[in-house]
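Here is the structure we will look at, set down as structure tokens.
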Amino acid sequence: MRWSQLHIPTLREDPADADAASHRLLLRAGFIRQLMAGHYCLLPLGVRVRAKVMAVIREEMNRIGAQEFLLPCMQPAWIWEKSGRLSVMGEEMFRLRDRKDAEVVLGMTHEEIFAFLGLELSSYRQLPQSWYQFQTKFRDEPRPKSGLLRVREFTMKDSYSFDADEAGLDASFEAHRAAYQRIFARLGIPAIAVEASSGNMGGSDSIEFMCPSPVGEDRVATCPACGYAANLEKATSALAAVEDPPAGDAPAAPRRLDTPGVRTIEDLAVGYGLAADRQIKTLVQVIDGKLTLVLLRGDHPLSDQKLIDATGALSIRPAQPEEIKAALGALPGSLGAVGVSGYRIIADLALRGRRGMATGANTDDVHLTGVDVDRDIRVDQWADLREVTPGEPCPKCGTALEFLQAIEVGHIFKLGRKYTTALGVTVAGPDGGPIVPIMGSYGIGVERVMAAIAEVHHDDAGLAWPAQVAPAEVTVVVISQRDEQVRAAAQAIYGSLLEAGVDALIDDRDVRPGVKYADAELTGIPLRVSVGSRDLADGVVEVTRRRTGEKERVRVDRVVPRLRELLAAG
RNA sequence: CGGGAUGUGGCGCAGCUUGGUGAGCGCGCCUGCUUUGGGAGCAGGAGGCCGCGGGUUCGAAUCCCGCCAUCCCGACCA
């Protein structure tokens, strides 16, 4: 393509509303334009990168035997009703009515629809199946942000596996895991696979592929020694045991302690010498409309996601002080679970077997000491609820955990039979009886991947795409546009590149060379060939590598093979 | 949904406090001439419902009220 005819509206100045590097540069280099919050137009260069990202993903999906589909993004509400997710998805799902007043929705994902197609599977002998598509997803995010990183409308490569049994699912899952590793490696994304929560998808084993970046919205705990890595929503750590007083020394029942004015763990620790790790923190949460007591060690923060995962809740929120007062008789600051009945009590594992603890007495300004958790509190459910903090020991090897910010670029998880059951998918098993296939679900956000690549591969001059996904591999810069010989030589090189199968552009604009150099760098094209009268007199052109800035003079008749060499070398 | 900020030619901004004079600056764009190996110079020119609606006033980009939009922080989020 001729640059002079392409719509590449580069901006000399930084856009005002772009913060993240990918957002700023994709806008400035003319890849994207915003239509409204969370909805972006892809311009020609953006479309090219997107197509190349998709091509890489498609190749690797096909390589593991997955088959490409294309399903509607507009879907009947009833199918979501059937899976039970119409209400679960809440406000995040776009809903509308057609002219017949039928309820339809814009798909946030496609488990239901692929399961619907799975109804035509009839025998276990047809399994396994892996089905995928690239399709627009719509999610009414409360806060779209950071350009392509968090949007309301985006392309997802989503795939779904159907297997006859768990062992089959394990194999499909592993195939996808391996495919994802290859995909991100080829895309130039230093993704790390981390254990994750499966959120409201339902499912068990859940692995997120994370691209470390300061603009990432997820926090990941990693172990520098053994490679343990988990999303903070899931991460655990090995805790040193807290020494409680020997059983014999403990009082037979909790003792009342008047604590006027004490409202916080800190107050109690400082004022009464009751260390935070010897306190029970009592939080009151409203879980799906029901008041619930959540207990943690005094120095431990609650992970909302872990609470959701542990309870299967659709929604949780902290209770209001009035609700708490009405239920327990005291305000936050003096709450406890001793002797409480009629409300569900969920306790963190770190409280198990603890004795001699301090907690609120459910009377304002009064606490209890000498609390024996097993003896004094009727715990309904034990769960891992606490959020780990940096420096805590790795659960696998004990080394201090490190935290990093990351962009979630992919997510794979085992769905189980939730959707096949909901939609009534069965196949005949070896004995002739019905089998409900078990599913896996695997997603990659295409535009988010583009943004992640941009986050990882850029410098002060602009983007620096890996050749595999660059909008073009080479740009031929015509330095002296008015010089007939130069134009002809550049045109010849450009033609030879196309013939050789190189994805090349020719910058034939009638502008000064500096403008062309700057745009070549801003748009991040990996290789630049500068054709000017000075070098041409010696029969050479200049080849510049975007990443390193390395320049070399190459004889005109050697330039195509040299460029192919550089591209092959990566 | 809470907190903060911003809306002025395509882009980036000033003007608003203290209402009035031609709505201005840089970049970009168009024409001409010169220029051409790192974002050219000179001359001429086009382009603005000052986010929208209402109000105050002789007079509103400017003051007041309402709304909308966008961005940032938080909540939220496969």
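Chain letters run A, B, ... following the sequence lines, proteins first and then strands; every chain starts at 1. This one's a predicted model, so the numbers in the text were calculated from it and none came from an experiment.
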Practice problem: Please check if the distance between the ring centroids of A/Y180 and A/Y442 is under 6.0 Å. | Solution: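 No, too far apart.
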Quiz prompt | Aromatic contact, A/F69 with A/F114 (centres under 6.0 Å) | solution =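 Between A/F114 and A/F69, which both carry aromatic rings, the centre distance is below 6.0 Å.
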To the nearest Å, give me how far apart [atom1] ([X]) and [atom2] ([N]) are.
{"X": "A/E552", "N": "B/rG37", "atom1": "CD", "atom2": "P", "result": "22 Å"}
{"X": "A/R33", "N": "B/rU70", "atom1": "CZ", "atom2": "P", "result": "17 Å"}
{"X": "A/L149", "N": "B/rC71", "atom1": "CG", "atom2": "P", "result": "13 Å"}
{"X": "A/I8", "N": "B/rG39", "atom1": "CD1", "atom2": "C1'", "result": "16 Å"}
{"X": "A/D535", "N": "B/rG37", "atom1": "CG", "atom2": "P", "result": "12 Å"}
{"X": "A/D140", "N": "B/rA75", "atom1": "CG", "atom2": "P", "result": "19 Å"}
{"X": "A/D538", "N": "B/rG37", "atom1": "CG", "atom2": "C1'", "result": "13 Å"}
{"X": "A/R24", "N": "B/rC72", "atom1": "CZ", "atom2": "C1'", "result": "16 Å"}

Counting only Watson-Crick or G-U wobble pairs whose two distances fall under 3.5 Å, which nucleotide matches [N]?
{"N": "B/rU35", "result": "none"}
{"N": "B/rC58", "result": "B/rG20"}
{"N": "B/rC11", "result": "B/rG26"}
{"N": "B/rC52", "result": "B/rG66"}
{"N": "B/rC1", "result": "B/rG74"}
{"N": "B/rG47", "result": "none"}

Would you name the heavy atoms of [X] and [Y] that are closest together and state the gap between them?
{"X": "A/H411", "Y": "A/A196", "value": "NE2-CB, 4.2 Å"}
{"X": "A/T10", "Y": "A/A29", "value": "CG2-O, 3.7 Å"}
{"X": "A/F31", "Y": "A/T523", "value": "CZ-O, 3.5 Å"}

Self-check item: Reference residue A/L423; test side chain to side chain contact (heavy atoms under 4.5 Å, CB included); the match among A/I113, A/I79, A/L117
Solution: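 Testing each of A/I113, A/I79, A/L117 against A/L423, the sole residue satisfying side chain to side chain contact (heavy atoms under 4.5 Å, CB included) is A/I79.
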Considering only [options], which nucleotide approaches the side chain of [X] most closely?
{"X": "A/P142", "options": "B/rU36, B/rC71, B/rA75", "value": "B/rA75"}
{"X": "A/D510", "options": "B/rA75, B/rU36, B/rG37", "value": "B/rU36"}
{"X": "A/R482", "options": "B/rU36, B/rG37, B/rC72", "value": "B/rU36"}
{"X": "A/D19", "options": "B/rU36, B/rC72, B/rU70", "value": "B/rC72"}
{"X": "A/V515", "options": "B/rG37, B/rG39, B/rU36", "value": "B/rG39"}
{"X": "A/A37", "options": "B/rG38, B/rG37, B/rC71", "value": "B/rC71"}
{"X": "A/R12", "options": "B/rC27, B/rG38, B/rC72", "value": "B/rC27"}

Under 4.0 Å between any heavy atoms, over every strand shown, what does [X] touch: base, sugar-phosphate, or nothing? Just pick one.
{"X": "A/D519", "answer": "base"}
{"X": "A/E217", "answer": "nothing"}
{"X": "A/T10", "answer": "nothing"}
{"X": "A/M108", "answer": "base"}
{"X": "A/G532", "answer": "base"}

Quiz item: Just wondering, are more than 12 heavy atoms of other shown residues or ligands nearer than 6.0 Å to CD in A/E266?
Solution: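 No - once you tally the heavy atoms of other residues, nucleotides and ligands closer than 6.0 Å, there are 12 at most.
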Please measure how far the [atom1] atom in [N] lies from the corresponding atom in [M], and state the result in whole Å.
{"N": "B/rG26", "M": "B/rG15", "atom1": "C1'", "result": "15 Å"}
{"N": "B/rG22", "M": "B/rC63", "atom1": "C1'", "result": "24 Å"}
{"N": "B/rC73", "M": "B/rU21", "atom1": "P", "result": "40 Å"}
{"N": "B/rG51", "M": "B/rG32", "atom1": "C1'", "result": "38 Å"}
{"N": "B/rG20", "M": "B/rU57", "atom1": "C1'", "result": "12 Å"}
{"N": "B/rG53", "M": "B/rU17", "atom1": "C1'", "result": "25 Å"}
{"N": "B/rC11", "M": "B/rA23", "atom1": "P", "result": "22 Å"}
{"N": "B/rG66", "M": "B/rG3", "atom1": "P", "result": "14 Å"}

Shorter than 3.5 Å, N or O on both sides, protein versus nucleotides 4-12 of chain B: list them out with atom names.
from   : atom 1 : to    : atom 2 : distance (Å)
B/rG12 : OP1    : A/A16 : N      : 3.4

Self-check item: Pair A/D14 + A/R28, salt bridge at N-O below 4.0 Å
Solution: yes
Quiz prompt | Presence of salt bridge, A/E141 and A/R152, under 4.0 angstrom | solution = no
Quiz item: Among A/Q67, A/H110, A/H176, which residue meets the side chain to side chain donor-acceptor pair (under 3.5 Å) test with A/S159?
Solution: A/H176
Quiz item: Mind checking whether A/L283 and A/L296 have side chains closer than 4.5 Å, heavy atoms only?
Solution: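 When only atoms from C-beta onward are counted, A/L296 and A/L283 do touch, with a gap below 4.5 Å.
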Quiz item: Phosphate oxygens OP1/OP2 of B/rC73: is one of them under 4.0 Å from a side-chain N or O of A/K145?
Solution: yes
Quiz item: Is any side-chain N or O of A/Q305 closer than 4.0 Å to OP1 or OP2 of B/rC76?
Solution: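 Indeed not, no polar side-chain atom of A/Q305 lies that close.
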Practice problem: State the CG-CD1 distance between A/L307 and A/I287, to the nearest 0.5 angstrom. | Solution: 4.0 Å
Self-check item: First encountered from the 5' end of RNA chain B, between A/R143 and A/F154
Solution: A/R143
Self-check item: Residue whose nearest RNA chain B nucleotide is more 5′ - A/I479 or A/A18
Solution: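 Nearest nucleotide further toward 5': that of A/I479.
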Practice problem: Go along nucleotides 41-49 of chain B 5' to 3' and tag each nucleotide: B for a protein heavy atom under 4.0 Å from its base, S when only backbone or sugar atoms are that close, - otherwise. | Solution: ---------
Quiz item: Which of these, A/Y160, A/F116, A/F162, sits in a ring-ring contact (aromatic ring centres under 6.0 Å, His included) with A/W131?
Solution: A/F162
Exercise. Ignoring hydrogens and angles, answer whether the base of B/rG38 and the side-chain atoms of A/R528 contain a donor-acceptor pair closer than 3.5 Å.
Key: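 By the distance-only test, yes, there is a pair.
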Quiz item: Does the B/rG39 base have a donor-acceptor partner in the side chain of A/E521 within less than 3.5 Å?
Solution: no
